[in-house]
Every structure is written in C-alpha cells, then in structure tokens.
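Per chain, numbering begins at 1; letters A, B, ... match sequence-line order.
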There are 2 protein chains.
Amino acid sequence: MTTREIILNRALELFNLRGIENVGIRELATDLNIRPGNITYYFPKKEDILVELGKQLSELNSATIVKLENPSMTDFMERYRQVFNNHYEYRCLFLSFVSQMQQNKKLSENYGKVEKSRLEDFRKILNKLVEAGYLDTSVTEDDIEQLVSFLSLVARFWISESTVSYKKLSKKQAINHYLNLIGFVFSKHATIIGKKQINSFLSGL
Amino acid sequence: MTTREIILNRALELFNLRGIENVGIRELATDLNIRPGNITYYFPKKEDILVELGKQLSELNSATIVKLENPSMTDFMERYRQVFNNHYEYRCLFLSFVSQMQQNKKLSENYGKVEKSRLEDFRKILNKLVEAGYLDTSVTEDDIEQLVSFLSLVARFWISESTVSYKKLSKKQAINHYLNLIGFVFSKHATIIGKKQINSFLSGL
DNA sequence: ACATTTTTAGGACAACGTCCAAATTTATTT
DNA sequence: AAATAAATTTGGACGTTGTCCTAAAAATGT
C-alpha cells in the first residue's frame, strides 16, 4: 500500500469515527506516525482527501448499481439496501453533507454530475416498474418525480437523521428503518404483485 | 434593544447568510462595532448563541402550532407551511444540524425534548384526522408511525437539501416543493374529502 | 459621595489548515 | 559504480479560529 492509500484509508476510518471537522491533519499524521507536511504533499488541502473519498464512494455505487434489463420490485429494494450499505461505509461524507457541498467545490461538482445521472437511472427504473406491472399504471410522470424526490431525500439524509435521533440503532437496524419507510411509500403505488414483493422483501430483512 | 439582543439578532442574520462555521466571533464583533470579549461576556461560548437561537425557534414554533380541537386536512397542511416558514428564518441551525447536535449538548437536549413532544402532537393529530374522516380508516398505528417518520425527515432536512440541490428556488418555491411532497404521500392515505383538501391546498400555493 | 455590580476592552493561548524551504530518500542517467 | 535528477519527507512558520483572563470603564445602588 502506498503512503497515499494509507492516508486515505485511515482518514476514512477516523472521519467516520469522529467526524471530518473533528479530525485534524496533525492528528491524522500522528496516528499514522508521519509528519503533517507529508499529508499535505499528497493532499495539498484537506478537501482533497474528501474529493478522493467521494470518488471511491461513487465508484462503489456504480459497481453495485448495475443496470438491469427487467428490474423487479425486489431488485429495486435490494438495490437500495446495497446503496445504503455503501453510504454507511462513507458516512462521514453524509454527516457533513451540506458544509462539504458548500466548501468543497470539486466534491460538489463530482457529486452533482453523478447524482444527476443516478436520479435519471432511477427515473427509468421506476418507469420500467410501471411497464412491468409492479407499479400501478395510474402512476403519472408527476408521481414518478415525487417518488424520485422522496428517494433522494432519504438517500442523502438517512445517515444524518439516524445519527442524531436513532443513536442506539445498529447499522442494520437503521438501514432497515429507512427501507421500511421506502417500502411504505412505494407500496401505496404498487400493484398487488408489487406489494407482495415489497412485503416479502421487508419481512425478510 | 439590549446588547445581548443586538448580538443575537445580527448573529442569526450572519449565520443564515454565510453559515455558522464561517462567521467568527471576531467578525461578528467587528460588524457590530464592539469587541470580541464583549460577545464572550454575554455568550461565553459560541455554542451559547446557538442555544438561544434554538430556543427562539422553538418558541416560534410553539406559537404557530396551537392545538386545534378538530383539525382538518387543510389545517394540517397549513400548519406545516408555517413550520417551514419558521424553519427558514432559522435555517442556519438546520444547515449545521448534525454538527450542532453532536457538539452542542444543551441545544441537543432542548431539541430532543421539544421534538419528542412535537412528534407526539403530530401523532395525535394524525389519529384525529383518521377519526374525523380525512385519513382512511385503513391507516394503522404502524402506518401513522411511518408517516411521522417521513414528516420528521422532511422537516429536519428540507432546508439542507434545497440549499444543496435547489439553489435557484426561492424560499416560497422550496417550501412549496416539500409541501407537495408531503401532500403526495398523504393523499395516498386520505379519504376523498381529505384528498380534496390536500389538492385544493396545494393548488392554492 | 462612595461602594458594588455589570459591562467593555484588549491581549493572551492553543489548535487548526496551510505553506515553504531544506533535508532525505529513491529513481534515473551517465 | 558515480553523478544527476526527481520524488518524498521533514520541521518550522503564518494567519485565523474559539476561548480565556485581567484590568479598565460604566452603570447602579446605598
């Protein structure tokens, strides 16, 4: 492992553990038994570490969100379960979501691009779920926009809320909580078979 | 206006404008043409300013959320519109929600108490909406829990998301967006008359 | 008028992100 | 193998931050 990778790995660990703002370059350096200026050599600004971690998360999600030909309702839920797991591994980014997006221009740019295409993907998936008879045909384009809005809100902030309000919950419990919420909202727009898949997915958590 | 009040008012303005973390005690002092130590006299720690602002928001919300005997679906939506307006006036708190809750013990305590009773209120309101025939009788206690979960997620993070993703939207537009989302979710659990009220409320925005 | 309390001022401290020049190690070329 | 070049590491510096502390000033009460 290169020095650069060592720094990135340990930074992610410490950031997840104690928050990005609460872990200084000096502390990270001490922890790694190197000098602060050495970190600065690989990452001139602290921001640059987070840009890299953001890319890692993005790639991780790209790897899990493989495009399916004929997605089922189960596939859809399972996909979100995996995305949530990925998010958790990089939870420090979400816990400082707003401040990072405001301060870190590059991270913000990267996230903006990825998220845009990601939402587009989910829009398509939802349309396919309608075509395939998992979501009601009464679901309009406008409804799909609302569902996508809902999904993006949950995806962005579930970690923040669970950290603040559901501290006692384990990772799995927290993820299940928000999967249940998604299932709850979606089942109201699902067909009978769609509802069945949601319920069996949720009860299998 | 006392020095203390002057500090609080201007602090809220600057915090809303540029973010809590980006406005230092020295800058606030310079802006007010007083000395930093003077602010420290009234608020020994920066945190203490935010504790006070948190109380102000809490009182503002308590004033707008008057308990209704027979709430209609319209009342419910109107209530949220007002809460969102209040939130916007204190948006700095929500934009630094997680970090404040983690660092600011007192603010966290206060928020915890208020939010707990607030959620309890909304639980009761939803039950009343069922009784009064605005929400389906098929709505179970479990459904109400999910709806409350949904509401609290939106309430906590709508400002964060709109700041990051919907920068161009005006205050009113942003609020309308999330009211629409709430209406969208709730209309699926509403009776015919409930749906009517939601739709007429949303179209009147 | 004096004495006491409240308020203001201004300088100090450690920690932070960042920067830079020198020293050291590693790689490349002769 | 020696000399040169490049990459890496070091250690100290700068300005800014929140916080703290002591003394001066103003306001208040007796």
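- Taking the six-membered ring where tryptophan is involved, the planes of His177(B) and Tyr166(B) are tilted, since the angle between them lies from 30° to 60°.
- Here the P atom of nucleotide dC19(C) and the OH atom of Tyr42(A) are 18 Å apart, to the nearest Å.
- Taking a 4.0 Å limit (strictly below) on heavy-atom distances, residues 96-106 of chain A does not reach DNA chain C anywhere.
- One can place CZ of Arg4(B) at 17 Å from C1' of dT8(C), the figure rounded to the nearest angstrom.
- Residue-to-nucleotide proximity on DNA chain C shows that, of Thr40(A) and Glu27(A), the 5′-proximal contact is made by Glu27(A).
- Under the 4.5 Å side-chain criterion, counting only non-hydrogen atoms from C-beta, Leu151(B) is in contact with Tyr80(B).
- Ion pair Arg81(B)/Glu78(B) flagged as a salt bridge, since at least one NZ, NE, NH1 or NH2 atom sits closer than 4.0 Å to an Asp/Glu carboxylate oxygen.
- Listed in residue order, the members of residues 9-26 of chain A having a heavy atom less than 4.0 Å from DNA chain C are Val23(A), Gly24(A), Ile25(A), Arg26(A).
- Contact annotation: Thr3(A) reaches the phosphate of dT9(D) (side-chain N/O to OP1 or OP2, under 4.0 Å).
- The list of side-chain hydrogen bond (donor to acceptor under 3.5 Å, both in side chains) pairs with a residue in residues 16-27 of chain A, not counting sequence neighbours, reads Arg18(A)-Glu27(A), Glu21(A)-Ser96(A).
- Taking the charged nitrogens against the carboxylate oxygens, Glu141(A) and Arg123(A) have no contact shorter than 4.0 Å, which rules out a salt bridge.
- Distances shorter than 4.0 Å separate some side-chain N or O of Arg35(A) from OP1 or OP2 on dG11(D).
- Straight-line distance from the CD1 atom of Ile39(A) to the P atom of dT10(D): 11 Å, rounded to whole Å.
- Phosphate proximity of dT7(C) to Asn38(B): absent, as no side-chain N or O sits under 4.0 Å from OP1 or OP2.
- We find that CD1 of Ile34(B) is positioned 16 Å from P of dA26(D), with the value rounded to whole Å.
- The separation between Glu47(A) atom CD and dC16(C) atom P is 18 Å, rounded to whole Å.
- Proximity of Lys46(B) to the phosphate of dG18(D): a side-chain N or O atom is located under 4.0 Å from OP1 or OP2.
- Rounded to an integer number of Å, the gap from CG of Leu28(A) to P of dA15(C) is 17 Å.
- If you look at Tyr111(B) and Phe97(B), their ring centroids are closer than 6.0 Å.
- Going from atom OH of Tyr41(B) over to atom P of dA23(D) covers 18 Å, rounded to whole Å.
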